[in-house]
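This is a predicted model, so every value here is computed, not measured. In what follows, chains are A, B, ... by sequence order, proteins preceding strands, each numbered from 1. Because only heavy atoms are used, hydrogens play no part in the values below, and waters and symmetry mates are left out as well, while side chains stay in.
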Amino acid sequence: MSSEAMAAERPNYLNATTGLKSWLLTLDHKRIGILYLLGVSAFFVLGGIFAMLIRLELVTPAGDLVQPDAYNRLFTSHGVLMVFFFLIPAIPGVLGNFLIPIMIGTKDLAFPRLNLLSWYLFMAGGTMALGGIIAGGVDTGWTFYTPYSSTYTMTAVIPVGLGVFVNGFSGILTGLNFMVTIHRMRAPGMTWFRLPLFVWSHYATSLIQVLGTPVLAITLVLLVFERAFHIGVFDPTRGGDPVFFQHLFWFYSHPAVYIMILPSMAVISELIAAFARKRIFGYHAVAFASIGIAVLGFLVWGHHMFVSGQSVYAGTAFSLLTMLVAIPSAIKVFNWSFTLYQGSVSFQTPMLYALGFIGLFMIGGLTGVFLGTLGFDVHVHDTYFVVAHFHYVMVGGTIMGYLGGLHYWWPKITGKLYPEFWGKISALLVFVGFNLTFFPQFLLGYMGMPRRYHAYPEEWQVLNVLSSAGASILGLGFVLPVLYFAWSLKKGPLAGRNPWGARGLEWETDSPPPTLNFDEPPVMNHEVYPYADGEPGSTSGMKPASAH
Amino acid sequence: MSTAHPAVLHHQFDTLEQQKESATLGMWLFLVQEILFFGGLFMAYMLYRWRDPQAFAAGSHELDITLGLVNTVILIASSLTMAMAVHSAQTDKNKALVRYLVATGILGLAFLVIKYFEYSAKWEHHLVPGPNFHFPELAIDGRAEIFFSLYFAMTGMHALHMVVGLVLLGWLLVPAARGRFNSQYHNPIECFGLYWHFVDIVWIFLFPLLYLIGRHYHGAV
Ligand SMILES: [Cu+2]
């Protein structure tokens, strides 16, 4: 007991300084990670409320809860908040920030001030977007298609667009910071091929942030110019080309899907290694698959425009290129599966999320190949099939990685253990709830139910009710972790340095880590994931500090 | 932290060398991001110019080539003074550093003043896109508007970068005047230099694209 008390007394990043100011002006990447946790959680709750209202409206075929105009605002607000202010920043902002410097064995990111600025830009952008949503709403869909967005809608496109613009620079600067850190701050002995796959995948993410986001930024600037100053760029009545807007928008927004999924894959690689007690099979292939996804992701945007008047030849090329992305994605899934083979697999909460990820990502990824096929896409274009597909990839993919990672590193972040039993229940609820919500939407879409309508013919009610029921279960699965994480902060047992018996520099320092991460600058003198062959798994679950 | 940590070395770095390399790499990545940002505008220019070369030629014809040329010379001169500023910092010539930074600032300001006069002339001639836009050759009135939309978006975005550059320059002048930069520590000056040259290079592309190409095109309108 006394050693536990002593461990709790040791200075760490949480108790080093106190007061609100010490948090709002912090330059510590770990504290900034916590700030992101609070920020993305707030936007997730708001986006989730809009989602629940959408599902509530769709319980009955008649449009009885909201009018069409309000419904347009609902799904737009849901999309904008979730995509730009949750899915994109969540894992890099929270886990990437917290873990990358520790994993590579350094004291902080290369530019701590810039890192804090990124958080403020994120919050400022989110506040502007939210202000626009409250002040007049926006009804263009999260894609802001012109000329409706620039000329015809009467809603608050400008504040929301500028909010997304400002938030974009948060992502660009975070990506830049990660890249410089990974290039220049690695501990002695931490070669590129000793980097945890978490770091590789975040590097690939950063590449997209730095190369893709500025294109969205200038696109939004031009959109705002057209709307505010009546210059002609996209509006055909002023000589502009609306399809050009779509090209620019998707040049960023397709790679943006990989800004969401690559960090999740980053987490999954760590979880699979830790809970199979094995080095990731084909480490190099998985690392290069991340880079491959990032690069190929820039060549496929036209698959969003198969019916937008793009030429048949462009459509065919984009269709073929889209199929190519399936290759690095499949490399990852196969390598994770091979890692599990003959590993000492144990099914703790984070591992349940990791396995859930593989399931959801396979369904999402394979339906992506369907949609990349020209003929099929024309058939299901703008239906719930598309909605289901991108929720499986973007939401299923990101949420499973995010929650899995949050559970896995929670003892490191807070120094406390969470109740494993409730963790498993929540993982189960999220997985079942997610599939129940979105699988029926594949069927609805295949039968032709169009997206973005608040009413539908009666024969689709059963599937819609199932979907809404699934959403309730999903919601419950999200509420549970909030409750037991809060409980664990107050009453959870102390975690100790390495409750999972996992490998990696982050497990070789205190939980929570000291402000400068390590007492002694670490040296990496072995390969990454050095699990012994036949090493027993952690079937007993998390070990508290006293067992250390 | 060890007491050997020099004051200009930030806590997250181990050596000044590492700090300098990180700052430089960060600046280059920032410039890559800038290239893609301007890339969207250049893409728009290419698309619409390809679609309507006559309107773009006629639009070019309305721009003031003298002022554009003077501004080009001013910016190239400012790049020279900036390069001299970096060189002065590297060689411990503090007075020269301050002098060259001030010269760079004055040239940058001169560019913006000339740009202001150019813009106001466009306003008077009803060449600012919007309800008041009137092109002298009525036949291509609607088609020339998009040229001026791009003219203002591109040069405006460039001018905004100049303003940001001048603010940064003013912010760097204080420590420079206090003698904070020397041959050991000068990466803020170097990084700012990279930014300044980048903004100049953007203009080097804008000037021929907007003022020169197709200026003497006299095809059917
Ligand atoms: Cu796509």
Task: Which atom of A/Ala204 lies closest to which atom of A/Leu262, heavy atoms considered - done: CB-CD1, 3.9 Å
TODO: State which residue, out of B/Tyr45, B/Tyr48, B/Phe56, fulfils the ring-ring contact (aromatic ring centres under 6.0 Å, His included) condition with B/Phe147.
DONE: B/Phe56
Open item on the list: Please output the residues of residues 149-179 of chain B in contact with chain A, using a heavy-atom cutoff of under 4.5 Å, in numerical order.
Closed with: B/Ser149, B/Ala153, B/Met157
Task: Heavy-atom side-chain proximity of A/Pro236 to A/Pro242 below 4.5 angstrom - done: yes
Task: Parallel, tilted or perpendicular: ring planes of A/Phe234 versus A/Phe245, cut at 30 and 60 degrees - done: perpendicular
TODO: Taking all non-hydrogen atoms of both residues into account, name the closest pair between A/Ala217 and B/Phe37 and its distance.
DONE: CB-CE1, 3.7 Å
Open item on the list: Could you check whether atom CZ of B/Arg51 has more than 12 heavy atoms from other residues, nucleotides or ligands sitting under 6.0 Å from it?
Closed with: yes
Task: Interchain contact, A/Ile172 with chain B, by part (heavy-atom threshold 4.5 Å) - done: side chain
Open item on the list: Quick check on the interface: out of A/Thr213, A/Thr181, A/Val233, A/Ile231, who has the most heavy-atom pairs with chain B under 4.5 Å?
Closed with: A/Ile231
- [ ] Report, as yes or no, whether the 6.0 Å neighbourhood of atom CH2 on A/Trp23 holds more than 12 heavy atoms from other residues, nucleotides or ligands.
- [x] yes
Task: Portion of A/Leu109 that has a non-hydrogen atom of chain B nearer than 4.5 angstrom - done: backbone
TODO: Considering only heavy atoms and a distance below 4.5 Å, find which of B/Leu47, B/Val128, B/Val32 pairs most often with chain A.
DONE: B/Leu47
Open item on the list: Less than 4.5 Å apart, side chain to side chain, heavy atoms only: is that true for A/Ile100 and A/His29?
Closed with: no
TODO: Could you have a look at A/His230, A/His247, A/Met185 and say which one has the most heavy-atom pairs with chain B under 4.5 angstrom?
DONE: A/Met185
Open item on the list: For A/Thr106, which atoms come within 4.5 Å of any heavy atom of chain B: side chain, backbone, both, or neither?
Closed with: side chain
Task: Aromatic contact, A/Phe318 with A/Trp250 (centres under 6.0 Å) - done: no
TODO: Under 4.5 Å heavy-atom distance to chain B, tell me which part of A/Asp241 shows up: side chain, backbone, both or neither.
DONE: both
Task: A/Thr26-A/Asp28 side chain donor-acceptor pair, cut-off 3.5 Å - done: no
TODO: For the pair A/Tyr203 and A/Trp192, name the ring-plane relationship: parallel under 30°, tilted 30 to 60°, perpendicular over 60°.
DONE: perpendicular
Task: Contact class of A/Phe229 relative to chain B, heavy atoms under 4.5 angstrom - done: backbone
Open item on the list: Less than 4.5 Å to any heavy atom of chain B: does that hold for the side chain of A/Tyr252, its backbone, both, or neither?
Closed with: neither
Task: chain B contacts, top residue of A/Leu211, A/Leu222, A/Leu248 (heavy-atom pairs, under 4.5 Å) - done: A/Leu211
